[in-house]
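I have placed the structure first, in the form of structure tokens, so that the comments after it can refer back to it.
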Amino acid sequence: MSRNISPILVKKEVSFEDLANKKLAIDAYNTLYQFISIIRQKNGTSLINSKGNITSHLSGVFYRTSNMLKKNIKPVYVFDGEPPQLKFDTIDKRKIIREEAFEKYIIARENKDFENAIKYAQMSTRLNHKIIEETVILLKYLGIPSVFAPSEGESQAAFMTIKGDVDIVASQDYDSLLFGSTQLVRNLAVGKKRKLPNKKEYVDITPELYILNEILEKHEIDREALVDIAILVGTDYNEGIRNIGPKKALKLIKKYGSIEKVLAAIGKEIENLDDIKNIFLHPNVTEEYRLVWYKPDKEKIIEFLCNEHDFSRERVIKTLDEINLSKTDQQRTLGEWF
DNA sequence: ATAGCAAA
DNA sequence: TTTGCTATG
């Protein structure tokens, strides 16, 4: 299972406002997973419309994307394609965890143990085709581009920063840095106060910015070495070496120069090592995307959110008007919104 | 997660 | 204005 390399990364606290005028490639699955997992009622059930269909993702996407547009942030949502074969162990393990959590969720809900119900409901969160489809529709009405990655969304998003088509990747995972993303932002949210799980405590959460070059320069390594470190620690594609964390991995890679030499020195092996390195260093990505942002289609959004999904007309219209208002100061061309 | 409201 | 809390669909 993958562990993370955050202890050796350089983190900068920023504000949502600091991202104004930036182009952001948003890891769509990562973001949707968060919305579906967190946007719930007190008893652990998701937000639903009158037909009983989940709407948590639409709420999250609509309000967060609107906030970005108000700040002149230009988002593009990047969706996952086919995962690499080597990811299937991780995918299977996650599936088992989800299924076990779902059983516990049902039991907790029956016992009216809502604290545990929420916990297990969040752990059993799953994205389905309908959630993805509805998100793409809403984004289209909002005038936001979607990109469909051939394989991992994070590698596609990273590729787009390397090409200079976007400035930053937005995700909770650190993997995009391994894929070469020039910048990564975590905790991309507007609200500052966040409730701690299972506690009554509130805590400040601000966006965190990671700049790849700063990380590489600090440790005097190149990206290949960073990938080697991650593989030693463990990724979505390999288990990692027991008792080697990011700090020890960094030391070993600097001492021996490459993962192959480290493995020889400690007498260990990693299966499919070349294939794993290739996933990070030569990912399957596409140049077939077009990034254009259009003015939100107010009528279609109201029809979709309010008529089809029972959103409050008052709130939706207010939000859309606020986007328009923030735009009137700025110059814009006829067709394109930005 | 975010909006919106009430109390401090 | 800031903070704490509930409702949202």
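Because the structure is predicted, anything quoted here is derived from the model rather than measured. Letters A, B, ... are given to chains in the order of the sequence lines, protein chains preceding strands, and every chain is numbered from 1.
Within 4.0 Å (heavy atoms only), A:S59 reaches no atom of the nucleic acid at all. Residue-level contact check: A:T319 touches neither bases nor backbone, having no heavy atom under 4.0 Å from any strand.
The side chain of A:R315 places no N or O atom within less than 4.0 Å of a non-bridging phosphate oxygen (OP1 or OP2) of C:dT8. Within the structure, every side-chain polar atom (N or O) of A:K42 is placed at least 4.0 Å from both OP1 and OP2 of C:dT6. Using a 4.0 Å cut-off, some side-chain N or O of A:K318 falls inside it from OP1 or OP2 of B:dG4. The phosphate of C:dT8 (OP1 or OP2) has no side-chain N or O of A:N49 nearer than 4.0 angstrom.
Following rounding to the nearest Å, A:N30 (CG) and B:dA1 (P) show an atom-to-atom distance of 11 Å. Note: CG (A:L305) to P (C:dT8) measures 16 Å, nearest angstrom. If you take CG of A:D321 and C1' of B:dA3, they are 16 Å apart, rounded to a whole angstrom. Straight-line distance from the CZ atom of A:F304 to the C1' atom of C:dG9: 13 Å, rounded to whole Å. The distance between atom CZ of A:F62 and atom P of B:dA3, rounded to the nearest whole Å, is 10 Å. Rounded to a whole Å, the CG atom of A:L47 is 14 Å from the P atom of B:dA3. For the pair A:L69 CG and B:dT2 P, the computed distance is 13 Å after rounding to whole Å. Regarding A:I118, its CD1 atom lies at a distance of 13 Å from the C1' atom of C:dA7, rounded to whole Å.
Closest approach to the A:N67 side chain among B:dA3, B:dA1, C:dG9 is made by B:dA3 (side chain taken as heavy atoms from C-beta onward). Comparing C:dG9, B:dA3, B:dA1 by their closest approach to the side chain of A:Q41 singles out C:dG9. In the set B:dA1, B:dT2, C:dG9, B:dA1 carries the atom at the smallest distance from any side-chain atom of A:I39.
Residue-environment remark: CD (A:E260) exceeds the threshold of 12 foreign heavy atoms within 6.0 Å.
Ring geometry, A:F280 versus A:F179: the interplanar angle falls from 30° to 60°, so the pair is classed tilted.
A salt bridge between A:K87 and A:D236 is present, with a side-chain N of the basic residue lying under 4.0 Å from a carboxylate O of the acidic one. One finds no salt bridge joining A:E100 and A:K104 here, because no Lys/Arg side-chain nitrogen approaches an Asp/Glu carboxylate oxygen to under 4.0 Å.
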Could you walk me through whether A:D321 and A:K298 pass salt bridge (charged side-chain N to carboxylate O under 4.0 Å, His left out), step by step? CA-CA 9 Å; A:D321 287 345; A:K298 191 169 167 180; 3.0 Å; yes

